[in-house]
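Down below is the structure, laid out as structure tokens.
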Amino acid sequence: MSLPIPEISQERLEECRRFMFHGIPHAKALGMELLSLEAGKATMSLICRPDLVGNPHTRVIHGGVVTALLDNTCGIAVAACYEKATPLVTLDLRIDYARSARPDATIIAQAECYCLTRSIAFVRAVAFEGDNLTSPVATCMATFMPVETSVA
Amino acid sequence: MNYTPSTVSPSNQPIEAMNQFMGSIPYAEYLSLAFNSHGDELTLVMPVAPHLVGNSVIPALHGGVVGAFLETTALMQIVWASQKYELSRTIDVTVNFFRMAQVDQISYARAKIIRQGRRTAHVHAEAWQQNHHKPIAALHGNFLLPE
């Protein structure tokens, strides 16, 4: 049975923003930035760099970088559905790569938790290059689960 | 290091060629990937590194990193099997996460080409840490083969 996305306090959103910046080393290492956050919705950006290139011949960015950005944006969107700090894990991710991202591009990812149940959060996200909203780089459907921190 | 397919000479051992190829991929270097090979079986290795951590509270490796690791393994298996040192294009991937990836353990992954046609390949890949029978994640995806 799905629950409505609750109203989330500004304090909690601020806590999510802080965690995004301090608590996720890989996001920081890739230079991900949180552009906006509200209950169930997040927008993040990533500036592509030469060390993230996947194909040395064509110089396009590795798909894994887009995967990491989409996974992260989805995760933060879900975290902002809970008023209490809730550790989350990704259950599954499905990504369709529509277009390659150029090595100097800024990739923007937008995620929305469209359905929340007691055990699972369902998210959809899209990544596009710069402000080219009409032609996405990738689209994503994902599910996340809240967990206990002590579970291995 | 500039790499073009024409620099692979027929006299190169496949392992040497694979080392050279993987070394030319900046993102593979960023994840510090290495590989072991046994005949036609390729195992990719991702070492422990602080910049791969996702949620530092749990803690667990970043889901995107595990996905990237699996995707790279799938791409490399296509290269290894074909001995053509050109990357396919990822069309779509589905990654399923089974267990939290421990931040202080080395990760391993292997891929299997389920079907390779003229233009596309469908590949499965699995990643594990200490126990091969307890995978941390699996991927299945479709890849557009180089022309």
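Proteins come first, then strands; the chains are lettered A, B, ... in the order of their sequence lines, and each starts at number 1.
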Counting heavy-atom pairs under 4.5 Å with chain B, which one of Thr139(A), Leu69(A), Ile95(A), Thr67(A) comes out on top?
Ile95(A)

CD/Gln130(B): more than 12 non-hydrogen atoms of other groups inside 6.0 Å:
no

Find the distance between CG (Leu70(B)) and CZ (Phe97(B)) and round it off to the nearest 0.5 Å.
7.5 Å

Within a 6.0 Å radius of atom CG on Asn131(B), are there more than 12 heavy atoms belonging to other residues, nucleotides or ligands?
yes

With respect to chain B, which residue among Lys28(A), Arg94(A), Met145(A), Arg49(A) yields the maximal number of heavy-atom pairs within a distance under 4.5 Å?
Arg94(A)

In terms of heavy-atom proximity below 4.5 Å to chain A, should Glu71(B) be classed as side chain, backbone, both, or neither?
side chain

Residues of residues 116-130 of chain A with any heavy atom under 4.5 Å of a heavy atom in chain B
none

Relative to chain B, which segment of Ser100(A) carries a heavy atom at a distance below 4.5 Å: side chain, backbone, both, or neither?
both

Using the rule given for salt bridge (charged side-chain N to carboxylate O under 4.0 Å, His left out), can you reason through Glu14(A) versus Arg17(A), listing the C-alpha separation, both sets of side-chain angles and the distance that settles it, and then say yes or no?
CA-CA 5 Å; Glu14(A) 192 49 43; Arg17(A) 283 186 202 106; 2.9 Å; yes

Taking Glu126(B)'s backbone N and O only, do any of them form a donor-acceptor pair with Arg110(B)'s side chain (distance below 3.5 Å, no angle check)?
no

Name the member of Leu70(A), Val89(A), Asn72(A), Leu88(A) that forms the most heavy-atom pairs with chain B at distances under 4.5 Å.
Asn72(A)

Flag, side chain of His51(B) to backbone of Tyr30(B), donor-acceptor distance under 3.5 Å
yes

Quick check for you: among Gly23(A), Gly54(A), Gly64(A), Pro25(A), which has the greatest number of heavy-atom pairs under 4.5 Å with chain B?
Pro25(A)

Which answer fits Ile25(B), side chain, backbone, both or neither, if we ask what part of it has an atom under 4.5 Å from a heavy atom of chain A?
both

Considering only heavy atoms from C-beta outward, does the side chain of Thr120(B) approach that of Asn142(B) to under 4.5 Å?
no

How close do Ala98(A) and Pro136(A) get, heavy atom to heavy atom, and via which atoms?
CB-O, 3.4 Å

Using 30° and 60° as the class boundaries, would you call the ring planes of His122(B) and His140(B) parallel, tilted or perpendicular?
tilted

Just so I understand: if I count every heavy-atom pair under 4.5 Å between each of Gly63(B), Ala68(B), Ala60(B), Gly54(B) and chain A, which residue has the most?
Gly54(B)

Minimum side-chain heavy-atom gap Val57(B)-Pro87(A) below 4.5 Å
no

Select, from Thr143(A), Val53(A), Asp96(A), Thr90(A), the one with the greatest count of heavy-atom pairs under 4.5 Å involving chain B.
Val53(A)

Is it true that Arg18(A) and Glu15(A) have a side-chain N and a carboxylate O under 4.0 angstrom from each other?
no

Heavy-atom contact with chain B under 4.5 Å, split by part of Val65(A):
both

